[in-house]
There are 2 protein chains.
Amino acid sequence: MKITIADIARKAGVSKATVSRVLNNRPEGVGPETRQRIQDIVRETGFQPNSLARCLATGKSASVGVIIPDIVNPYYSLLVRGAEDTLKKAGYSLFLCNSDHNIVKEKEYVTVLIEKGVDGIILDSAESDCDCQLELLDDENIPYVLVDRIIEGPAKYPGVYVDNRQGGRLAASYLLSKPGSSLLFINGPLDYSQSRDRQNGVEDIVRENGLAESSVRIVYGDFSIESGYRLTKDLLSNHHPASFGSFPFTAIFTANDLMAVGALRALKKAGISVPEQVEIIGFDDIELATLVDPPLSTVSQPAFEMGARSAGMLCQMMAGRRPRTKTITLETNLIFRGTTRCKESGKNCFSVPGH
Amino acid sequence: MKITIADIARKAGVSKATVSRVLNNRPEGVGPETRQRIQDIVRETGFQPNSLARCLATGKSASVGVIIPDIVNPYYSLLVRGAEDTLKKAGYSLFLCNSDHNIVKEKEYVTVLIEKGVDGIILDSAESDCDCQLELLDDENIPYVLVDRIIEGPAKYPGVYVDNRQGGRLAASYLLSKPGSSLLFINGPLDYSQSRDRQNGVEDIVRENGLAESSVRIVYGDFSIESGYRLTKDLLSNHHPASFGSFPFTAIFTANDLMAVGALRALKKAGISVPEQVEIIGFDDIELATLVDPPLSTVSQPAFEMGARSAGMLCQMMAGRRPRTKTITLETNLIFRGTTRCKESGKNCFSVPGH
DNA sequence: TTGAAAGCGCTAACAG
DNA sequence: CTGTTAGCGCTTTCAA
């Protein structure tokens, strides 16, 4: 950071103000040949303005913070990618922050980001019942948009979500459509709003179709492959030992793909064929879903788009415009692959046999 | 960004300088009770110093840029995670930049980062024969460390790499250890230094053991699952059609895990059993490697550690110390899983049968 | 059309 | 121990 605007001004025999004007492409206030001369000098010298100084002067930093639980999780890395792409187009840089699902780290990051003078924040919060970070942001008047995880509170916060309840409905409604079907729902921890919503979705279906309570059993994993495996295996061994090769449910729905992969593995190991004997539907549609054998049917979440949309919304807010809508809810989609008997969304998979 | 150091100073009845001293925990120069009083006021008011202003004054920004090809690739996200963790500990924030393997974008980002006043840059470069970005950095006297990809040039650049040649040797030496073995090496594009090095490694083994040239065949994919699949399939169908269920090589080595997954799939589809008929070794050790069936044996790269080490090195440089070593080369490891007949590193898998 | 000057919020000598 | 005084590099009135 050697050469400054003052150097350019001196070389061009003008004032810093004039140089600043051409640097910022202000149409008025500079004669064409003066402008040209300055531009030439800038090019020759390879001068790069110090954006820190500019930010100090203007009060905006052209950077935003993105706080997510963990970039290593493909769902979040896709989301971040979506955000970065649209942010870059709008001229913003991105501070990446991994909270590890830890509300303390999350708050630390919010503080750091405020100090850095970010113009806005995209927050995938670690906790759904705590809005103290948001108070900070509100105090400082820094725009933010929530993503993925809903924070409950008196006020409605701007955010981009996916319709998790609808996703739950989609899966349950397919899996329970055939008479006599029964469902094992491996959900995530209930302190995630996503888990609660998805569960509401499957309960909707049970209720709306007047199904017996016993037709669905809900257990809780921790979103890991291992927990999906273990929970499924537990049911296999607790089941009557004589019935090796059978399973007490006709289908499994899991709150993410990783647990579905675990369940699939447990079933295969027990000699139960998928989807012939048991159908499986996951949630997320990560790349891995297409790579297991058979490829996993799943409820897809548009992670990239969520990142992009939240960034777009934030840009609006940073530009001073109130966004058109305070929250955006994206659709989920049921993707039929190899773990459901129905293989394509095109066919009418929901029709009850015999009708 | 409302309340400033001047406000605090006024409230405490001292000068800005004094407030600055306690803010920065300078031990000397402030009386204990003055210090206490100021700290109290800071706490009450929830004052957060503007780090932009601080940076302008000190000339350092406490942030570094990380440029990688694509955060969606699990290898890079792990690397970034490693960097972030150690950077955070040292008090730095991280600007994330995805270059998409595009040298133009990469240069853009280098420029942006310089303007942002980053204290340093970690660069996983998109091109191995272009060092013009580095000139920029050198001009500005901004420390940087290269990672993963070697940039050739007159000077040796500071960097953290993995011993790709050694990785190639490891795989080839196992795969070619048995008499009569032959190897299909599915490499990546040769304009990647990694590809060249890995190829050198397998060629080393051929030469050192006096094997026939024909014992290894090299083809080139693009690191995608699809290319691994296609390249393997080509060899299957070009092979004598009558010999369905056989393969012209006893083993496959691929330059990354994704292509190995593709190869595995092609083989399975052709009814060739892995590892009984053909052994496979990949490269990288991404999570997916453990999830395919059978789980993939592979040469592991310590992505997280590479990120962490490069960050550590950069911190040294940013602190003004020359790092102990200019380049760090990390070891690769051969991980035996299900696609090799040998299943554990513990056993002497390299012994020639009959000895 | 251009320049002078006053900051943006903080740090860092240098004096008291 | 504490205050004064300059800046850091750029933007932005307000005059000229």
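Just so it is clear: chains get the letters A, B, ... in the order the sequence lines come, proteins before strands, and each one is counted from 1. Excluded from the calculations below are hydrogen atoms, water molecules and symmetry mates; all remaining heavy atoms, backbone and side chain alike, are included.
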Protein N or O to nucleotides 1-4 of chain C N or O, pairs below 3.5 Å:
{"residue": "C/dT1", "atom": "O3'", "partner": "A/Gly31", "partner atom": "N", "Å": "3.4"}
{"residue": "C/dT2", "atom": "OP1", "partner": "A/Thr34", "partner atom": "OG1", "Å": "2.6"}
{"residue": "C/dT2", "atom": "OP2", "partner": "A/Gly31", "partner atom": "N", "Å": "2.3"}
{"residue": "C/dT2", "atom": "OP2", "partner": "A/Thr34", "partner atom": "OG1", "Å": "3.4"}
{"residue": "C/dG3", "atom": "OP2", "partner": "A/Ser15", "partner atom": "N", "Å": "2.9"}
{"residue": "C/dG3", "atom": "OP2", "partner": "A/Ser15", "partner atom": "OG", "Å": "3.4"}
{"residue": "C/dG3", "atom": "OP2", "partner": "A/Thr18", "partner atom": "OG1", "Å": "2.9"}
{"residue": "C/dG3", "atom": "O6", "partner": "A/Arg21", "partner atom": "NH2", "Å": "2.4"}

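Between B/Ile3 atom CD1 and C/dC10 atom P the separation is 9 Å, expressed in whole Å. Atom CD of A/Glu115 is separated from atom P of C/dC8 by 20 Å (rounded to the nearest Å). For B/Leu52 and C/dG9, the CG to P distance is 11 Å, given to the nearest whole Å. Counting to the nearest Å, the P atom of C/dC8 and the CG atom of B/Leu56 are 13 Å from each other.
Within the 3.5 Å criterion, the main-chain N or O of B/Ser61 finds a donor-acceptor partner in the side chain of B/Asp119.
When distances are taken from the side chain of B/Asn50 to each of D/dC10, C/dC10, D/dC8, the shortest belongs to C/dC10.
Distances shorter than 4.0 Å separate some side-chain N or O of B/Arg54 from OP1 or OP2 on C/dT11. Between B/Asn24 and the phosphate of C/dT11, there is a side-chain N or O to OP1/OP2 separation shorter than 4.0 Å. At C/dT11, none of the side-chain N or O atoms of B/Arg26 fall inside 4.0 Å of OP1 or OP2 (strictly under the cut-off).
Classification of the B/Tyr157-B/Tyr144 ring pair by plane angle, with boundaries at 30° and 60°, yields tilted.
In this structure, B/Arg149 forms a cation-pi arrangement with B/Tyr192, its terminal cationic atom sitting closer than 6.0 Å to the ring centre and no more than 45° off the ring axis.
Salt bridge absent: A/Arg37 and A/Asp40 never bring a charged side-chain N and a carboxylate O closer than 4.0 Å. A salt bridge does not link B/Glu44 with B/Lys11: none of the charged nitrogens is closer than 4.0 Å to a carboxylate oxygen. Remark: A/Lys89 does not engage A/Asp85 in a salt bridge, criterion side-chain N to carboxylate O under 4.0 Å.
Judged by distance alone, the side chains of B/Gln48 and A/Thr111 never bring a donor and an acceptor atom under 3.5 Å apart.
The side-chain hydrogen bond (donor to acceptor under 3.5 Å, both in side chains) check on A/Lys116 picks up nothing, with sequence neighbours excluded.
Among all heavy-atom pairs drawn from A/Val64 and A/Tyr92, the shortest one is CG1-CD2, 3.8 Å.
Contacts between residues 57-64 of chain A and DNA chain D, defined by a heavy-atom separation below 4.0 Å, involve A/Ala57, A/Thr58, listed by number.
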